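Quick caveat: nothing in here was measured; it's all calculated off a predicted structure. Chain naming here is simple, since letters A, B, ... match the order of the sequence lines and numbering starts at 1 in each.
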Amino acid sequence: MLEDEYQLDFFSNNGFIRKQCQKCGVFFWTRDLDRKTCGDAPCDPYSFIGNPVFKKQYDLAEMREYFLNFFEERDHTRIGRYPVIARWRDDIYLTIASIADFQPFVTSGEVPPPANPLTISQPCIRLPDLDAVGRSGRHLTTFEMMAHHAFNTNDKEIYWKERTMELCDEFLMSLGADPMAVTYKEEPWAGGGNAGPCVEVLIGGLEVATLVFMNLKQSKDGDIMIKGEAYSKMDNYIVDTGYGLERFVWASKGSPTIYDAIFPSIVNELMGLAGIDHELDNAEYAYILSQNARLAGLMDISEKANLLELRKQVASSIGTTVEKLTSIMEPVETVYAITDHTRCLTFMFGDGIIPSNVKAGYLARLVLRRTLRMMRDLDIKISLSEIVKMHINNLPEYPEFEDNFETIEDILHHEEQKFADTLERGRRMIQKSAIHYKKSGEKIPLDKLIEMYDSHGIPPEISKEAAAEVGVEVDLPDTFYSLVADKHGKAEAKEIKEYPYADRIENLPPTKRLFYDEPNRMEFEAVVLDIFDNHIVLDSTLFYPEGGGQPADHGKLVIDNDVLHVIDVQMIHGVVVHNIKEIEDELHIRKGDLVIGKINEKRRMAHARHHTATHIVNDAAKKVLGDHIWQAGAQKSESHARLDLSHYKRITTEELNEIEMISNQIVMENQRVNSEWMDRTDAEQAYGFRLYQGGVPPGKNIRILKVGDDIEACGGTHCTNTGLVGPIKILKTERVQDGVERIEYAAGEAAVRAVQESDRILRDSANALRVTPEHLPLTIDRFFGEWKEFKKENARLKDELAHALVHKMMRGAVEINGIRIVAEIITHADSEELIKIALGLAEQDDVVALLASSLEGVKIVATAGKGAIEQGVDVGKVVREMSHIVGGGGGGRPDMAQGGGIDPSKIDDALINGTELVKEQCAIK
RNA sequence: GGGCUUGUAGAUCAGGGGAAGAUCGUUACGUUCGCAACGUAAAGGCCGCGGGUUCAAUUCCCGCCGAGUCCA
């Protein structure tokens with residue numbers, strides 16, 4: 001089926017022939033009649049190392065500019081890059097390809113592209129091959145995907161396969177590539193619910209670009225099968241290309257590794273700091289590195305076993321031992337990885353990711369900690385921010401990183417400190433248990449290592465090291481991390497919620513939403529378009545459907561004399577559905593009926609105030625905390641609202657007060673709240689992705705709301721002026737996740753009520769202590785201090801009392817078989833007192849004390865002196881018996897026991913029985 | 001979003017259903033010209049908060065609050 005897709009005039013007109021690779025069997029196109037293999041790894045080894053494939057060398061900036069310029073000259077519009085954190089999407093955290101910029105709304109056809117055709121160089125971050133970075137010579141966590149995209153529809157085709165191939169080939173030739181060395185490999189592509197034919201572009205054994213012709217979408221009844229999934233044709237079709245900027249630079253330089261090609265100065269600097277002679281001019285050394293890269297190019301080395309295999313092959317090809325090779329390669333590879341990872345961190349933090357233990361922030365921390373670990377291995381003493389600074393200096397094309405450096409530096413220092421703390425904590429933990437295992441002569445079990453990593457973040461290598469310091473061995477299997485992964489199991493597939501009335505709604509026109517143009521109107525007339533069960537659809541409505549963290553409006557629909565209560569409102573594909581309390585059977589309502597709608601104004605206004613307040617607080621928080629903060633969620637209700645913000649440290653009370661003050665100042669300035677509908681792309685170009693603080697709205701046009709200096713895409717209902725919000729009172733802050741702070745606040749009447757409520761609490765508290773509120777802190781302090789004093793005094797007095805009672809009670813002792821039994825009721829004594837007295841009594845070797853009191857039921861304490869125990873007395877057993885009698889339980893040791901019960905009337909019985917039992921115990925002896 | 005760990009003296013942590021511990025630090029005294037070191041003694045705890053189970057909870061169970069960490 002797909003085979004026909006590749007029969008292009010471009011190939012036949014330019015002397016290409018289609019061949020099948022003798023090694024892998026894949027079909028490819030080449031101008032070289034003698035070529036037998038496809039040009040890709042592992043069928044062909046790298047031939048460009050030491051032998052560049054283009055006519056001159058380029059660095060990153062030069063190559064990027066050359067590419068973008070090349071396509072600009074060929075009618076493409078250059079557009080700016082998107083952030084590496086995919087703010088406009090909720091299905092991925094990081095931007096993984098240039099096409100990701102245009103998903104989902106551009107690729108679906110819902111929104112036109114910012115330009116067509118366009119060219120872009122998009123920084124991307126991919127972390128799945130983390131282990132191979134540095135070792136393979138080619139893997140990177142961060143790369144720029146240069147691309148030219150054309151978005152075609154059935155109405156209008158920009159260009160498709162022929163032109164794409166032409167452009168690509170022309171581009172390569174313009175760089176001076178040997179036409180005979182270029183091959184185009186057929187490779188169907190599928191990903192993210194789309195698929196299509198695809199051509200991989202290879203030169204010198206290196207894949208430098210991928211040309212995807214996206215024209216299929218996944219569908220249950222599709223007739224095209226790719227990789228086990230069914231696809232059908234899309235109405236639109238998209239040219240999705242990806243040219244690896246770093247690979248082009250590498251191919252142009254022919255250096256042993258990609259790292260030496262793209263950031264040589266930083267690699268050299270770090271090599272120096274690690275004490276490694278990185279002399280690429282040294283032929284022998286350069287040969288080792290390039291042999292390693294060549295052979296690594298042929299295999300997947302993400303697994304440890306494969307890495308060992310690579311070492312073996314490289315060692316034998318250069319005539320040395322695996323050990324010797326490893327000792328040379330490992331530090332070098334680590335420096336490469338550090339250089340790559342710090343560039344990744346530069347992009348992540350430069351684009352505003354805040355480290356966290358969830359979501360994108362977690363990925364940032366993962367990379368960061370990995371980097372710190374590697375720096376530790378090499379004993380590189382400088383701080384992360386110094387390396388990041390090198391990258392920023394190296395990337396003048398990204399001035400925004402320089403602008404954010406102060407924040408980035410602060411974040412990095414925080415994270416370094418945090419990791420140091422974690423390691424220190426972990427070191428203590430592992431050494432503690434190491435000492436435990438040392439005593440029994442065991443090794444530390446694997447389970448313990450897994451727990452240390454999984455629950456405490458201590459990498460197994462560090463556990464091993466810490467254990468070795470106290471002389472305990474540790475077995476660390478190669479499969480360690482996959483064992484951890486197994487523990488977590490698989491993620492369950494997401495359930496797609498299907499709206500129950502989706503079929504019927506599909507046939508209805510989008511509802512006219514009146515609340516945007518007339519935010520203050522609370523009554524309207526409309527025509528009933530459809531009704532199913534207790535769901536009503538009108539042609540237009542003032543009812544706000546739930547969305548953007550704002551709950552639905554409530555209110556009434558009136559038809560003649562019937563009043564229907566609207567209790568929920570939802571919007572499905574542009575159709576607003578009113579959910580009413582009454583059910584259909586009881587309704588006298590038909591399609592076409594005229595209804596009058598009345599909004600519950602109090603509820604709506606409370607929501608509007610809280611919603612507008614949310615934008616104000618967000619604005620104020622940005623001013624106080626910095627530009628890095630980003631809304632991570634928000635929810636409004638009638639009584640309060642909350643806003644979650646990404647921030648890398650706790651918000652202090654002072655900052656909170658300032659946020660509150662600035663918020664209220666914005667209110668008092670009574671600024672106009674502006675809203676306008678804008679073309680999505682225009683809005684993005686004008687305001688950037690800050691627009692999507694509250695999530696990404698669908699559609700070609702989006703509503704842009706300006707409150708103070710806050711500009712966001714927002715579909716909520718708002719006050720027309722900030723003054724109408726009324727007072728804003730911050731209620732509290734909490735840390736909802738590491739890196740995410742939540743602020744709760746109330747606005748308008750709700751704020752007044754909140755203040756009144758906290759006033760009431762304060763007043764009640766002050767009244768309880770008979771003081772005025774301003775004296776409260778001092779008074780409480782005094783009370784608490786006195787309470788502690790009294791407690792101590794009380795304990796001291798009980799000691800004294802016990803001491804006195806001991807002498808008095810000794811006189812009432814009954815002597816049996818050479819031991820003295822004291823059995824007494826001490827009214828109102830608590831267990832603490834009983835214990836003190838009993839212990840005092842039992843200081844005499846021959847005394848057994850059985851004491852009871854009737855405080856809160858019955859308390860029993862018994863003790864026995866050493867001599868009595870030798871005689872066979874076991875007060876544990878005695879107390880158990882006595883406690884049963886009073887309806888409870890108890891027990892203890894032979895010399896000391898406690899118990900109790902619920903029936904005070906049996907105390908005497910219990911004491912008599914207890915005494916008898918003690919007698920028996922000595923008699924038995 | 002899910003999993004795991006964790007909260008005890010100023011700090012670091014033991015302990016664990018029946019008398020709240022250790023080490024360091026603090027204070028006082030001794031020793032010293034003085035300091036360090038040493039010796040002796042003392043002070044310092046709502047055993048995170050709120051419920052439940054129990055005769056009895058710092059300990060077990062549940063909820064909340066806080067800290068840490070892994071995964072998607």
> May I have the distance from A/Ile458 (atom CD1) to B/U69 (atom P), rounded to whole angstrom?
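The distance from CD1 of A/Ile458 to P of B/U69 comes to 9 Å, rounded to the nearest Å.
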
> Under 4.0 Å between a Lys/Arg side-chain N and an Asp/Glu carboxylate O for A/Asp410 and A/Lys649?
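A/Lys649 and A/Asp410: salt-bridged.
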
> With a non-hydrogen cut-off below 4.0 angstrom, is A/Gly889 in contact with a base, only sugar-phosphate, or nothing?
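Since a base atom lies under 4.0 Å of A/Gly889, the category is base.
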
> Please give the distance between the C1' atoms of B/U53 and B/U59 as a whole number of Å.
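Pairwise C1' distance, B/U53 against B/U59, rounds to 13 Å.
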
> Once you round it to whole Å, what is the distance between P of B/A72 and OH of A/Tyr93?
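One finds 10 Å between P of B/A72 and OH of A/Tyr93, rounded.
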
> Charged N to carboxylate O below 4.0 Å: is that the case for A/Arg782 and A/Glu786?
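The answer is yes: the pair qualifies as a salt bridge.
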
> Measuring only the P atom in each nucleotide, how far is B/A57 from B/G1? A whole number of Å is fine.
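Here B/A57 and B/G1 have their P atoms 37 Å from each other.
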
> Looking at the side chain of A/His456, which of B/U5, B/C46, B/U69 is the nearest nucleotide?
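Nearest to the side-chain atoms of A/His456, counting from C-beta on, is B/U5.
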
> Write down the distance separating the P atoms in B/G68 and B/C47, rounded off to the nearest Å.
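24 Å, rounded to whole Å.
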
> Between A/Val858 and A/Arg650, which is nearer to the 5' end of RNA chain B once each is assigned its nearest nucleotide?
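Its nearest nucleotide lies further toward 5', so the answer is A/Val858.
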
> Looking only at atom C1', what distance separates B/U6 and B/A14, rounded to whole Å?
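Those two atoms are separated by 15 Å.
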
> Provide the distance between the two C1' atoms, one in B/A22 and one in B/G16, to the nearest whole Å.
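Straight-line distance between the two C1' atoms is 15 Å.
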
> Could you state the atom-to-atom distance from CG of A/Leu366 to P of B/G68 in whole Å?
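Nearest whole value for this atom pair: 18 Å.
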
> Rounded to the Å, how far apart are A/Gln898 CD and B/A57 C1'?
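Atom-to-atom, A/Gln898 to B/A57, this comes out as 12 Å.
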
> Tell me: CD of A/Glu832 to C1' of B/A20, nearest whole Å?
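Rounded to the whole Å, the gap is 11 Å.
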
> Whole-Å distance between B/G68 C1' and A/Gln417 CD?
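Distance, rounded to whole Å: 15 Å.
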
> Within less than 4.0 Å of OP1 or OP2 of B/A11, is there a side-chain N or O belonging to A/Arg428?
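Answer is no, no contact under 4.0 Å.
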
> So what does A/Gly457 hit on the nucleic acid, given a heavy-atom distance under 4.0 Å: a base, only sugar-phosphate, or nothing?
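Answer is sugar-phosphate: A/Gly457 comes under 4.0 Å of backbone atoms only.
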
> Taking any heavy-atom pair under 4.0 Å as a contact, classify A/Val358: base, sugar-phosphate, or nothing.
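A/Val358: base contact, heavy atoms under 4.0 Å.
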
> Roughly how many Å apart are B/U8 and B/A67, using the C1' atom of each and rounding to a whole number?
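Each nucleotide's C1' atom is 15 Å from the other's.
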
> Among A/Leu363, A/Leu412, A/Ile411, A/Thr342, which residue satisfies the side-chain contact (heavy atoms from CB on, under 4.5 Å) criterion with A/Leu368?
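Result: among A/Leu363, A/Leu412, A/Ile411, A/Thr342, A/Leu412 is the only option passing the side-chain contact (heavy atoms from CB on, under 4.5 Å) with A/Leu368.
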
> Considering only the C1' atoms, how many Å lie between B/A20 and B/C46, rounded to the nearest integer?
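Here B/A20 and B/C46 have their C1' atoms 13 Å from each other.
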
> Are the side chain of A/Gln693 and the backbone N or O of A/Trp630 linked by a donor-acceptor pair below 3.5 Å?
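Checking the backbone N and O of A/Trp630 against the side chain of A/Gln693, no donor-acceptor pair under 3.5 Å is found.
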
> Spell out, as yes or no, whether a donor-acceptor pair under 3.5 Å connects the side chain of A/Ser853 to the backbone of A/His828.
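Not at all, since once roles are kept as given, no pair shorter than 3.5 Å links the two residues.
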
> Any ion pair linking A/Glu793 and A/Lys788 (charged N to carboxylate O, less than 4.0 Å)?
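Result for this pair is no, no salt bridge flagged.
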
> Quickly work out the A/Arg735 CZ to B/C65 P distance and round it to whole Å.
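Whole-Å distance recorded here is 12 Å.
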
> Below the 4.0 Å mark, does B/C55 have OP1 or OP2 next to a side-chain nitrogen or oxygen of A/Arg880?
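No, outside the criterion.
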
> Going by an N to O cut-off under 4.0 Å, is there a salt bridge joining A/Arg796 and A/Asp799?
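No.
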
> Could you check whether the side chain of A/Asn357 and the base of B/U69 have a donor-acceptor pair of N or O atoms closer than 3.5 Å, going by distance alone?
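Answer yes: a donor N or O sits under 3.5 Å from an acceptor.
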
> Please give, in whole Å, the distance from B/C13 P to A/Met429 CE?
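About 8 Å, once rounded to whole Å.
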
> For RNA chain B, what dot-bracket results from Watson-Crick or G-U pairs at under 3.5 Å, with [ ] for crossers and | for inter-strand partners?
(((((((..((((....[..)))).(((((.......))))).....(((((..]....)))))))))))).

> When you measure from the side chain of A/Asp738, which nucleotide among B/C70, B/C46, B/U69 comes out closest?
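From the listed options, B/U69 comes nearest.
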
> Does B/C13 have OP1 or OP2 sitting under 4.0 Å from an N or O in the side chain of A/Lys432?
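Indeed not, no polar side-chain atom of A/Lys432 lies that close.
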
> Applying a 4.0 Å non-hydrogen cut-off, can you work out what A/Phe419 is touching in the nucleic acid: base, sugar-phosphate, or nothing?
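Touches nothing.
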
> Sticking with atom P, work out how far B/A36 lies from B/U32, rounded to a whole angstrom.
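It works out to 15 Å between them.
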
> Of the options B/C46, B/G68, B/G18, whose atoms approach the side-chain atoms of A/Met896 most closely?
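Closest nucleotide to the A/Met896 side chain: B/G18.
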
> From the options B/G18, B/U69, B/C46, select the nucleotide whose nearest atom is closest to the side chain of A/Phe784.
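Selected nucleotide (nearest to the side chain): B/C46.
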
> Which part of the nucleic acid does A/Ile92 contact within heavy-atom distance under 4.0 Å: base, sugar-phosphate only, or nothing?
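Counting heavy atoms under 4.0 Å across all strands, no contact is made by A/Ile92.
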
> Salt-bridged, A/Arg735 to A/Asp644, with N to O below 4.0 Å?
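So A/Arg735 does not pair with A/Asp644 through a salt bridge.
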
> Assign A/Thr422 to base, sugar-phosphate, or nothing according to its heavy-atom contacts below 4.0 angstrom with the strands shown.
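The answer is sugar-phosphate, as A/Thr422 gets under 4.0 Å only of primed atoms, P, OP1 or OP2.
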
> Within this structure, what is the CG-CZ distance for the pair A/Leu423 and A/Arg373, rounded to the nearest 0.5 Å?
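Going from CG on A/Leu423 over to CZ on A/Arg373, the span is 9.0 Å.
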
> Quick check on B/A72: is either OP1 or OP2 less than 4.0 Å from any side-chain nitrogen or oxygen of A/Lys359?
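So the side chain of A/Lys359 is outside the cut-off, no N or O lying under 4.0 Å from OP1 or OP2 of B/A72.
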
> Is there a side-chain contact between A/Arg425 and the phosphate of B/C13, meaning an N or O under 4.0 Å from OP1 or OP2?
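Looking at the OP1 and OP2 atoms of B/C13, neither is under 4.0 Å from any side-chain N or O of A/Arg425.
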
> Any sub-3.5 Å donor-acceptor pair from A/Asp351's side-chain atoms to A/Val84's backbone N or O?
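Yes, the answer is positive, given that a donor and an acceptor are paired below the 3.5 Å cut-off.
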
> For B/G68 and A/Ser455 - does any side-chain N or O of the residue sit under 4.0 Å from the phosphate oxygens OP1/OP2?
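No, outside the criterion.
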
> Which comes earlier along RNA chain B counting from the 5' end, the contact point of A/Gln737 or that of A/Glu734, where each point is its nearest nucleotide?
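Result: A/Gln737.
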
